[in-house]
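Here's the structure, in structure tokens; my notes come after.
Worth knowing before you read on, the calculation uses all heavy atoms, side chains too, and leaves out hydrogens, waters and symmetry mates. Just so we're on the same page: letters track the sequence lines, and every chain starts at 1.
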Number of protein chains: 2
Amino acid sequence: MRLSKRGEYGLRAMMRLAEDIQPGQPYPLMQIKEIAGRDKIPAKFLEQILLALKNAGLLHSKMGIGGGYYLGKPPEEITLGHIIRVLDGPLAPIRCVSQTAYEPCGCPDALTCGLRLVMSDVREAVAAILDHTSLADITNRVDGLRLSLGLGE
Amino acid sequence: MRLSKRGEYGLRAMMRLAEDIQPGQPYPLMQIKEIAGRDKIPAKFLEQILLALKNAGLLHSKMGIGGGYYLGKPPEEITLGHIIRVLDGPLAPIRCVSQTAYEPCGCPDALTCGLRLVMSDVREAVAAILDHTSLADITNRVDGLRLSLGLGE
DNA sequence: ATAAAGTCTATAATAGTTATAGACTTTAAA
DNA sequence: TTTAAAGTCTATAACTATTATAGACTTTAT
């Protein structure tokens, strides 16, 4: 029931790219190295992760001097569920209950398999959160918390 | 976000031991081999799993001829959450959000870390299901489904 | 005494995760 | 037009965890 480092790093990087978006401005551009440095992520590992997110359309990039990565869509439209699926695969705890990567599990009667019933509930609950939380939701929540705690910046 | 085979096998075995409990009768006794055969689980692997569940007090056993395993507590009191924690460790997707096995994650400010906020919600949601679903709940649910589908026995 | 069961620990086999390496491409600017 | 700073891509090394098997031991009913 665990999020991999790959997933964690990817989420942190995406949150980083979403965090100081200014209204009316183009999305901020950041280099791999910068994100890696700020979030203490091995740069070469992050490179692969960002590439995967780019291939999934969640990031765009600019090559060459002054290049870097930036969000591929408005932060309101990027859900954590999408990010995690790209990096770690299906949310379902067990394949036979996955909406996006179903596979039969071989239990004698799938319809009345107790394990499926519960794991399906779990999948549902997790997806309900992760597919309805966007990068924008996170920044809002964090900003709100910072304010209410009276922290600067 | 996945349940291991170990966890899956353990859950299936526990459900098997709970399924034909008769009121007023002692809990049914089953041998490793029998469970392994019925649920298509490698017997030697299951052996380790049942031993772990036994050491956690969720199962009791009887050695020697005519021996086997049986539930260590009423099925109403055995939650899936407990079983999974014994076999797979904490439910939390990320350690810094675990109630049972907390570990700091090294983010600069834990209080306002966006990842923690969401993953904490996820942990909560998963635990809400798994810690409030007992073996008895499962058998009831499965029996109900079988009846409503008109399947025999 | 024997055979059928669980106990216990080690380790093999496999797979998955995490990380590093290096050669390549694109692009801005000197 | 060269150079350096960026991303791209693929391979593979290092590590860790999972899954499974092996085998010697203990207990107990018959």
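- Here the closest heavy-atom approach between residue B:Q31 and residue B:G67 is recorded as NE2-O, 2.9 Å.
- Under the rule for a salt bridge (Lys or Arg N to Asp or Glu O under 4.0 Å), A:R2 has no partner lying at least two apart in sequence or in another chain.
- Listed by first and then second residue, the side-chain hydrogen bond (donor to acceptor under 3.5 Å, both in side chains) pairs that reach into residues 37-47 of chain B are B:R16-B:D39, B:K44-B:E47, sequence neighbours excluded.
- For A:M63, taking side-chain heavy atoms from C-beta onward, the closest of the listed nucleotides D:dT8, C:dT7, C:dT18 is D:dT8.
- Spacing between atom CD1 of B:I41 and atom P of D:dA20 amounts to 10 Å, rounded to whole angstrom units.
- Between B:L46 atom CG and D:dT19 atom P the separation is 14 Å, expressed in whole Å.
- Within the structure, every side-chain polar atom (N or O) of B:S61 is placed at least 4.0 Å from both OP1 and OP2 of C:dA5.
- The stretch residues 29-39 of chain A comes close to DNA chain D through A:M30, A:Q31, A:I32, each having a heavy atom under 4.0 Å from the strand.
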Identify each donor-acceptor pair in which a side-chain atom of residues 87-102 of chain B lies under 3.5 Å from a protein atom, sequence neighbours left out, and give them as a table.
residue, atom, partner, partner atom, Å
B:D88, OD1, B:S4, OG, 2.5
B:D88, OD2, B:S4, N, 3.2
B:D88, OD2, B:S4, OG, 2.9
B:R95, NH1, B:E103, OE2, 3.0
B:S98, OG, B:T100, N, 3.2
B:S98, OG, B:A101, N, 2.7

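- For residues 68-83 of chain A, the set of pairs meeting the side-chain hydrogen bond (donor to acceptor under 3.5 Å, both in side chains) definition, not counting sequence neighbours, is empty.
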Under 3.5 Å, which donor-acceptor pairs do the side chains of residues 48-58 of chain B form with other protein atoms, sequence neighbours left out?
residue, atom, partner, partner atom, Å
B:K54, NZ, B:S61, OG, 3.1
B:N55, ND2, B:L51, O, 3.3

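- The side chain of A:K54 contributes an N or O atom lying less than 4.0 Å from OP1 or OP2 of D:dT8.
- Near DNA chain D, meaning a heavy atom under 4.0 Å away, there are no residues from residues 80-95 of chain A.
- B:V142 is listed as a side-chain neighbour of A:L117, based on a closest heavy-atom distance under 4.5 Å.
- Residues A:I138 and A:L80 form a side-chain contact, since some pair of their non-hydrogen atoms from C-beta on lies under 4.5 Å apart.
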Would you tabulate the pairs of protein nitrogen or oxygen atoms and nucleotide nitrogen or oxygen atoms of nucleotides 8-14 of chain C closer than 3.5 angstrom?
residue, atom, partner, partner atom, Å
C:dC8, N4, B:E47, OE2, 2.1

TODO: Begin from the C-alpha positions of A:L59 and A:M14 and carry the test side chain to side chain contact (heavy atoms under 4.5 Å, CB included) through to its verdict.
DONE: CA-CA 9 Å; A:L59 285 180; A:M14 292 298 279; 3.5 Å; yes
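- Within residues 9-17 of chain A, the residues having any heavy atom closer than 4.0 Å to DNA chain C are, in order of number, A:Y9.
- Annotation: ring-ring contact (aromatic ring centres under 6.0 Å, His included) contacts of A:Y27 (sequence neighbours excluded): none.
- Between B:K62 and A:R2, the residue whose closest nucleotide on DNA chain C is further toward the 5' end is B:K62.
- What separates NZ of A:K5 from C1' of C:dA19 is a distance of 13 Å, to the nearest Å.
- Following rounding to the nearest Å, B:E8 (CD) and D:dA20 (P) show an atom-to-atom distance of 10 Å.
- Proximity note for A:I65 (side chain, C-beta onward) versus D:dA5, D:dA20, D:dT28: the nearest is D:dA5.
- A:S4 has no side-chain polar atom (N or O) that falls below the 4.0 Å cut-off from OP1 or OP2 of C:dG16.
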- [ ] Tell me, with the steps shown, if A:R85 and A:D131 meet side chain to side chain contact (heavy atoms under 4.5 Å, CB included).
- [x] CA-CA 10 Å; A:R85 283 203 192 81; A:D131 285 338; 2.9 Å; yes
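- For the pair A:F45 CZ and D:dT16 C1', the computed distance is 13 Å after rounding to whole Å.
- Listed by first then second residue, pairs satisfying ring-ring contact (aromatic ring centres under 6.0 Å, His included) with a partner in residues 114-146 of chain B number zero, not counting sequence neighbours.
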Contacts under 3.5 angstrom, residues 118-130 of chain A side chains, donor-acceptor by atom type, not counting sequence neighbours:
residue, atom, partner, partner atom, Å
A:D121, OD2, B:R141, NH1, 3.1
A:D121, OD2, B:R141, NH2, 3.4

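- Atom pair B:H60:NE2 and C:dT7:P shows a separation of 11 Å (rounding to whole Å applied).
- Looking at heavy atoms from C-beta onward, B:L135 lies in side-chain contact with B:M15 at the 4.5 angstrom threshold.
- Look at CG on A:L50: it is 9 Å from P on D:dT8, rounded to the nearest Å.
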